[in-house]
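To keep things clear, I will list the structure first and then write my remarks on it.
Proteins come first, then strands; the chains are lettered A, B, ... in the order of their sequence lines, and each starts at number 1.
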Amino acid sequence: MGLHFHNTLTRRLEPFESVEAGKAGVYACGPTIYGHAHIGNFRTFMFYDLVHRVLEWRGYEVRFVMNFTDVDDKTIRAARAKEMTLDEYTAPFAEAMLGESDALGIRRADLYPRATVYVDRMIDLIQRLLDRGFAYATDDGSVWYDISSFEAYGRLSGRDLEQGRPGERVAEDEYAKDDARDFALWKGVKREDEEVGAAWDAPWGRGRPGWHIECSAMALAEIGDTLDLHLGGEDLIFPHHEDEIAQSEGATGKPFSRVWLHAKHLRVEGEKMSKSAGNFVTVRELLDEGVSPAALRHLLLSAHYRSELNFTRAGLQASARAVARLLDFEARLLSHPEAPAIGDRGTGSGDAEGEAGRGIRDAADRAIEAFTAALLDDLNVAGALAALFVFVNEANRRLDAALGDPSHGLPADALEAARAALGEMDGVLGILEVGRRSRSVDAELSAWVEERIRARAHARADRDWSEADRIRDELTAAGVVLEDSATGTRWKKLSEEG
RNA sequence: GGCGCCGUAGCCAAGUGGUAAGGCAGAGGACUGCAAAUCCUCGAUCGUCGGUUCGACUCCGACCGGCGCCUCCA
């Protein structure tokens, strides 16, 4: 089975077929940079990362674009409050978000367009919509999209226009649009906009772009008339993405995106996250308080993207333990002594090493098979993680068995197969990739630890247990944990996990 | 009111019309000088009630409970 996605547009599982074979143009709705991104934003960004990595893993040449919304009501309001220009105010938040993404191992997009840089494209797009009869201007210099002109309006979100309840919010509507449900393509200038530099000249009057047109303009400009995938949080289905479709297709006459994927929202300790509830968590805060980035990554990845994810401290702790298990396994696999490859010793049938080698290699093959099947099926990460952990267990068992053998070694090619499988799986999950950073040490510490371990080995050889334990305590105090085994002593640096 | 989602062991979380992956936590055991790591053993009949079926947790219905969207919130 090839790669399949649950397309919001059709509400069905569909095989993924990009416009151009082997290539994938992806547009992901990024954050509005008026503050630090919160854990919920990152649940969505982690989902983007999974899509990104899976496509690359499957061999697609990916063009991944994620925008930053830097001009809208919130950024303008916040910039005014600080008496800064829009750019002065928003730029640091974009930088911060990228830094946090890096910490969590989220792959960089190929491009991060910012709305203010694409205003010319937005104006062009609006002009085309006016020319083609999808939009109309009003006296205040605003331009509106006439949703009655776009037949497919409502298809993405599954709503029937006739069943809407026009009128309900008209009273609070300060604009002169024809229909309460028409949305702004361009907002006539206001003094507040000018104060922060959020105003541009357009043929129909000075003003600023509406939110929805920003994404249409950037996506069409940077990917093309038809995207292969458009990603976002579930809250964007309506009206944001519905409006993007209306605008883009109104202007180009072509399908805007083949597939739409939406991530469900995250909850915090079982509650909806909100500032008023006092459970508003930013990744910045979590990282500052020493939470393990790999644990955070594991937790954000642990549930299917179309399921609600509950972010809890207990869950973070559990994820930290799971990550530690993976890191310990990797260290063990890398340090395990090698014996001659199965292929170098004749048939090998009946010999213990050969059998252990075949066992671990078969386990690696089964793991990759199950892992792949899970991810190709609409990104079932939980299933993929299960395949990985089954592999960890099976491989650990083989490694244990090898220790009972005089040579302790496993065939080099079998170990290589196991390492390759682990590497392939983590290339998609990125958990070890991030976790290793927390365990990395400098040469100085490393040399000291190695010296201490040698001293302890001598003490142990002399059966001087109190000295051996004293040295181990010394290392523990430095955050170093030892693991004795028949093949020597491994050590690891513990980070604040959880 | 409209549209839609969810309810699987203490917690997190997959999944299939034929008797339930995985992670964390817990108990016991093996290994270890002691640890650490690892391994082994132990736990759920899948919200409730009906229906369809040879057989349902998986299909249908009702109900109970939780939740999302319905104009700018990932």
* Please work out if A:D328 contacts a base, only the sugar-phosphate, or nothing of the nucleic acid, heavy-atom cut-off 4.0 Å. => sugar-phosphate
* Asked: Taking the side chain of A:A303 as its heavy atoms from C-beta onward, which of B:G33, B:A74, B:A14 lies nearest to it?
  -> B:A14
* For B:G4, does OP1 or OP2 lie under 4.0 Å from any side-chain N or O of A:R159? -> no
* C1' atom, B:G7 versus B:G47: distance in rounded Å? -> 6 Å
* A:V481, nearest nucleotide to its side chain (from B:A36, B:A13, B:A37) -> B:A36
* Asked: Between B:A21, B:A74, B:C69, which nucleotide has the shortest distance from any of its atoms to the side chain of A:A386?
  -> B:A21
* To do: Determine, answering yes or no, if A:H38 is stacked on B:A74 under the 5.5 Å centre rule and the 30° plane rule.
  => no
* To do: Please work out if A:G315 contacts a base, only the sugar-phosphate, or nothing of the nucleic acid, heavy-atom cut-off 4.0 Å.
  => nothing
* How about A:N7 and A:R11: does a side-chain donor come under 3.5 Å of a side-chain acceptor? -> no
* To do: Report the relative orientation of the aromatic rings in A:W211 and A:H240; use parallel for angles under 30°, tilted for 30 to 60°, perpendicular for over 60°.
  => parallel
* Planes under 30° and centres closer than 5.5 Å, is that true for A:F389 with the base of B:G22? -> no
* Are A:E483 and A:R490 ion-paired here, with the side-chain N under 4.0 Å from a carboxylate O? -> yes
* Under 4.0 Å between a side-chain N/O of A:R321 and OP1 or OP2 of B:A25, yes or no? -> yes
* Look at the side chain of A:D400 and the base of B:C40, then say whether one donor and one acceptor between them are separated by less than 3.5 Å. => no
* **Presence of A:R397 side-chain N/O under 4.0 Å of B:C40 phosphate oxygens OP1/OP2** => yes
* Asked: Touch check for A:A318, heavy atoms < 4.0 angstrom, all strands: base, sugar-phosphate only, or nothing?
  -> sugar-phosphate
* **Pair partner, B:A37 [Watson-Crick or wobble, under 3.5 Å]** => none
* **Opposite nucleotide pairing with B:G7, Watson-Crick or G-U, both atom distances under 3.5 Å** => B:C64
* Asked: Across the strands shown, which category fits A:N396 at heavy-atom distances under 4.0 angstrom: base, sugar-phosphate, nothing?
  -> sugar-phosphate
* Is a donor-acceptor pair below 3.5 Å formed from side chain A:R472 to base B:A35, judging by atom type as modelled? -> yes
* Which is true for A:E242 with a 4.0 Å heavy-atom rule: it touches a base, it touches only sugar-phosphate, or it touches nothing? -> nothing
* Between B:G33, B:C69, B:C12, which one does the side chain of A:F238 approach most closely? -> B:C69
* side-chain contact (heavy atoms from CB on, under 4.5 Å) partner of A:F329, chosen from A:L432, A:L334, A:L422 -> A:L422
* Base, sugar-phosphate, or nothing: which does A:T312 touch, judged by heavy atoms less than 4.0 Å apart? -> nothing
* Rounded to whole angstrom units, what separation is found between the CG atom of A:L156 and the C1' atom of B:C70? -> 14 Å
* To do: Could you please name the partner base of B:U53, counting Watson-Crick and G-U wobble pairs only when both distances are under 3.5 Å?
  => none
* Asked: So what does A:R267 hit on the nucleic acid, given a heavy-atom distance under 4.0 Å: a base, only sugar-phosphate, or nothing?
  -> sugar-phosphate
* Nearest to the side chain of A:A322, which nucleotide is it out of B:G33, B:C39, B:C24? -> B:C24
* Counting only Watson-Crick or G-U wobble pairs whose two distances fall under 3.5 Å, which nucleotide matches B:G1? -> B:C70
* How are the rings of A:W260 and A:H241 set to each other: parallel, tilted or perpendicular (split at 30° and 60°)? -> tilted
* **Side-chain N,O (A:K272) to OP1/OP2 (B:C73) below 4.0 Å** => no
* Asked: Where the side chain of A:A180 is defined as all heavy atoms beyond and including C-beta, which of B:A74, B:C34, B:U71 is the nearest nucleotide?
  -> B:U71
* Basic-acidic side-chain contact under 4.0 Å: A:D49, A:R297 -> yes
* Asked: Counting any heavy atom closer than 4.0 Å, what does A:L266 reach on the DNA or RNA strands: base, sugar-phosphate only, or nothing?
  -> base
* To do: Side chain of A:E234 only, please: which of B:A21, B:G68, B:C34 is the nearest?
  => B:G68
* **B:C72 base / A:K187 side chain donor-acceptor hit below 3.5 Å** => yes
* Asked: Would you say A:S466 reaches B:C34's phosphate, i.e. side-chain N/O to OP1/OP2 under 4.0 Å?
  -> no
* To do: Would you classify A:N380 as touching base, sugar-phosphate or nothing, given that sugar-phosphate means primed atoms plus P, OP1 and OP2, and contacts are heavy atoms under 4.0 Å?
  => sugar-phosphate
* So what does A:R470 touch, heavy atoms closer than 4.0 Å: a base, only the sugar-phosphate, or nothing? -> nothing
* Does the ring-ring contact (aromatic ring centres under 6.0 Å, His included) test come out yes or no for A:F45 and A:F42, once each step is laid out? -> CA-CA 5 Å; A:F45 302 154; A:F42 274 94; 5.2 Å; yes
* Remember a base hit wins even if backbone is also touched, and classify A:H265 as base, sugar-phosphate or nothing at under 4.0 Å, heavy atoms. => base
* Asked: Would you call the rings of A:Y305 and A:F47 parallel, tilted or perpendicular, where under 30° means parallel and over 60° means perpendicular?
  -> parallel
* Taking N and O atoms by type only, does the side chain of A:N393 place a donor or acceptor under 3.5 Å from a partner on the base of B:G22? -> no
* What interatomic distance, in whole Å, is found between C1' of B:G22 and the corresponding atom of B:U8? -> 13 Å
* Asked: Is A:R332 touching bases, backbone alone, or none of the nucleic acid, heavy atoms closer than 4.0 Å?
  -> sugar-phosphate
* Asked: Across the strands shown, which category fits A:R325 at heavy-atom distances under 4.0 angstrom: base, sugar-phosphate, nothing?
  -> sugar-phosphate
* To do: Give one of base, sugar-phosphate or nothing for A:L482, where a contact means two heavy atoms less than 4.0 Å apart.
  => base
* Sort out the partner of B:A44 for me: Watson-Crick or G-U wobble, both distances under 3.5 Å, none otherwise. => none
